[in-house]
Amino acid sequence: MKIVGSRIRGNRTGCADPQCIAGVAAVAAYDEDGAPAESLGFDDSLVTGNASSCLAEGCTSAGILALDALSVELEETAVEGNLVDCQGASCTAGAQLDVRAGYVVLEELSLASATTGCEGDACAIRNALQIATPGVATLVDSRIAGVTASCEGAGCSVGGLAEVKALAPLVEAVEVSASTLSCVGQGCSTGPLADVEGTELSRWQHVRILDNQATCSGVECHTGDFLELSSDEAIVIEGSTIAANVSACEGERCDARRIVELQEAEAVQLQTSSIAGNAVRCAGEKCRLEPLVEMVAEKSVGIAASALDANVSSCEGAQCRAEVVLAVDAELASIDGGRIATNGSQCDGTSCTVGFGGRCATTPAR
């Protein structure tokens with residue numbers, strides 16, 4: 001099936017009974033037996049103004065697009081201005097775009113002005129964009145902008161903005177900007193802004209992550225990492241900019257996570273990239289922060305022709321703990337032609353602690 005030059009607009013699904021399911025609002029792709037479809041394509045199309053919502057304990061709003069096929073290709077397609085929400089204890093709000101396929105290509109995709117929310121104790125929101133494939137996943141020349149995901153209630157959770165799980169993920173020329181993840185309630189949480197997991201080489205090229213926010217408010221609440229990359233082999237970030245992003249928490253024993261975490265790889269490379277003007281903050285007694293940038297590899301970490309400028313780790317409250325701006329852990333680490341300048345770690349409160357500008361644990365190191 002291929003959808004070309006089409007408009008899918010103003011459709012609604014909803015339900016209001018305990019444990020009910022409001023189906024996918026726009027397109028759900030599968031064959032008549034419920035197995036994955038053969039192939040599905042979108043080209044030059046618009047999906048806008050659709051909504052899936054539910055109002056009851058344990059209910060589910062399934063989302064906007066659910067594409068389950070052997071191959072999925074989206075080109076020059078916009079998924080914009082759609083709504084997913086649920087209200088009720090333990091309710092679930094689904095994804096704006098959920099792709100499960102053996103082969104995935106998303107090119108010139110716009111996921112923008114989307115709203116996902118849930119209200120109720122232990123309610124949950126799935127990632128706005130979810131990609132899962134045992135093969136290659138490519139996301140290129142695309143933008144994710146103005147996406148808002150929020151939950152309210154004790155133990156509620158926001159899954160995150162984008163999650164890619166693939167054998168070999170490639171993210172190139174993508175902008176993630178002006179989006180917000182937030183939660184309010186004791187023990188509530190937000191997930192990663194972008195979470196990319198690869199089995200083989202994971203590449204992140206010419207990507208811009210700008211002016212996004214992750215916040216939580218409540219006792220023991222926490223925010224997730226902004227950019228979380230992992231791979232069984234190598235992680236390469238090249239020609240990318242991560243700037244003016246804020247991760248913050250407010251509440252006793254709350255914690256705010258990293259802006260960048262690169263982990264579980266044999267080698268990590270940060271090349272010709274800039275991480276600037278980002279902040280992790282917490283306010284509350286015994287609140288704590290993670291390192292602003294953390295790079296962990298089994299063998300080597302290399303930073304080449306890259307800059308870490310004007311980033312801040314700060315906490316406020318009795319026994320609060322700020323952290324280092326840069327933490328590197330590997331057998332061999334190197335910084336070549338880079339710049340680490342005007343970063344700060346600071347605290348304000350009785351018996352509070354701060355981190356150094358950077359921490360390196362390597363054997364040997366240079």
Legend entry - Test item: Leu65 and Phe42 side chains (from C-beta on) under 4.5 Å apart, heavy atoms: yes
Legend entry - Phe226: which of Leu181, Ile242, Leu193 passes side chain to side chain contact (heavy atoms under 4.5 Å, CB included): Leu193
Legend entry - Heavy-atom donor-acceptor pair, Asn212 side chain to Val176 backbone, under 3.5 Å: yes
Legend entry - Salt-bridge contact Glu238-Arg203 (side-chain N to carboxylate O under 4.0 Å): yes
Legend entry - Side-chain (Asn245) to main-chain (Ala243) donor-acceptor, under 3.5 angstrom: yes
Legend entry - Donor-acceptor pair between Ser39 and Ser71 side chains, under 3.5 angstrom: no
Inset, instruction - Write down the atom of Ile64, the atom of Val24, and the distance for their closest heavy-atom approach. - result: O-CG1, 3.0 Å
Inset, instruction - Identify which one of His222, Glu220, Gln319 satisfies the side chain to side chain donor-acceptor pair (under 3.5 Å) criterion when paired with Arg253. - result: Glu220
Inset, instruction - Check for a donor-acceptor pair, side chain of Thr223 on one end and backbone N or O of Arg257 on the other, with a separation under 3.5 Å. - result: yes
Inset, instruction - Would you confirm whether Ser306, through its side chain, and Ser274, through its main-chain N or O, come within 3.5 Å as a donor-acceptor pair? - result: no
Inset, instruction - For Ala124 and Cys118, work out which heavy atoms get closest and say how close. - result: N-SG, 3.6 Å
Inset, instruction - Would you confirm whether Ser61, through its side chain, and Asp85, through its main-chain N or O, come within 3.5 Å as a donor-acceptor pair? - result: yes
Indicate every side-chain donor-acceptor pair of residues 88-97 with a distance under 3.5 Å to a residue at least two apart or in another chain.
residue: Gln96; atom: NE2; partner: Thr115; partner atom: O; Å: 3.3
residue: Gln96; atom: NE2; partner: Thr116; partner atom: OG1; Å: 3.1

Which atom pairs, donor and acceptor, lie under 3.5 Å between side-chain atoms of residues 144-169 and protein residues at least two apart or in another chain?
none

Legend entry - Glu175-Ser177 side chain donor-acceptor pair, cut-off 3.5 Å: yes
Legend entry - Donor-acceptor pair, side chain of Thr48 and main chain of Glu80, under 3.5 angstrom: yes
Legend entry - Distance SG-SG for Cys86, Cys59 less than 2.5 Å: no
Inset, instruction - Spell out, yes or no, whether Val99 and Tyr103 are grouped together once hydrophobic residues are joined by side-chain heavy atoms under 4.5 Å, including indirect joins. - result: no
Legend entry - Any pair counted as side chain to side chain donor-acceptor pair (under 3.5 Å), so long as it reaches residues 131-144, sequence neighbours left out: Ser110-Arg143
Legend entry - Exceeds 12 heavy-atom contacts within 6.0 angstrom, atom CZ of Arg7: yes
Legend entry - Asn11 (side chain) donor-acceptor with Ala26 (main chain) under 3.5 angstrom: no
Legend entry - Leu67 and Val27, any side-chain heavy atoms less than 4.5 Å apart: yes
Legend entry - Check: Ala248 main-chain N/O paired with Thr215 side-chain donor or acceptor under 3.5 Å: no
Kindly list each side-chain donor-acceptor pair under 3.5 angstrom involving residues 279-293, sequence neighbours excluded, with atom names and distances?
residue: Arg288; atom: NH1; partner: Glu290; partner atom: OE2; Å: 3.3
residue: Glu290; atom: OE1; partner: Arg258; partner atom: NH2; Å: 3.4

Inset, instruction - Check whether more than 12 heavy atoms from other residues, nucleotides or ligands sit under 6.0 Å from atom CG of Leu210, and answer yes or no. - result: yes
Legend entry - Test side-chain contact (heavy atoms from CB on, under 4.5 Å) applied to Glu228 - qualifying residues, sequence neighbours left out: Pro192, Asp195, Asp225, Glu261, Gln263
Inset, instruction - Using side-chain contact (heavy atoms from CB on, under 4.5 Å) as the criterion, list what pairs up with Ala51, not counting sequence neighbours. - result: Arg12, Leu83
Inset, instruction - Any chance you could measure Gln19, atom CD, to Cys54, atom SG, to the nearest 0.5 Å? - result: 10.0 Å
Inset, instruction - Determine, for cysteines Cys352 and Cys320, whether their SG atoms are under 2.5 angstrom apart. - result: no
Legend entry - Main-chain N/O of Gly81 paired with Ser113 side-chain donor or acceptor, under 3.5 Å: no
Inset, instruction - In a single word, yes or no, tell whether Cys221 and Cys188 have an SG-SG distance below 2.5 angstrom. - result: no
Legend entry - Same apolar cluster (I L V M F W Y, side chains within < 4.5 Å links), Val79/Met1: yes
Legend entry - Flag, side chain of Asn50 to backbone of Asn82, donor-acceptor distance under 3.5 Å: no
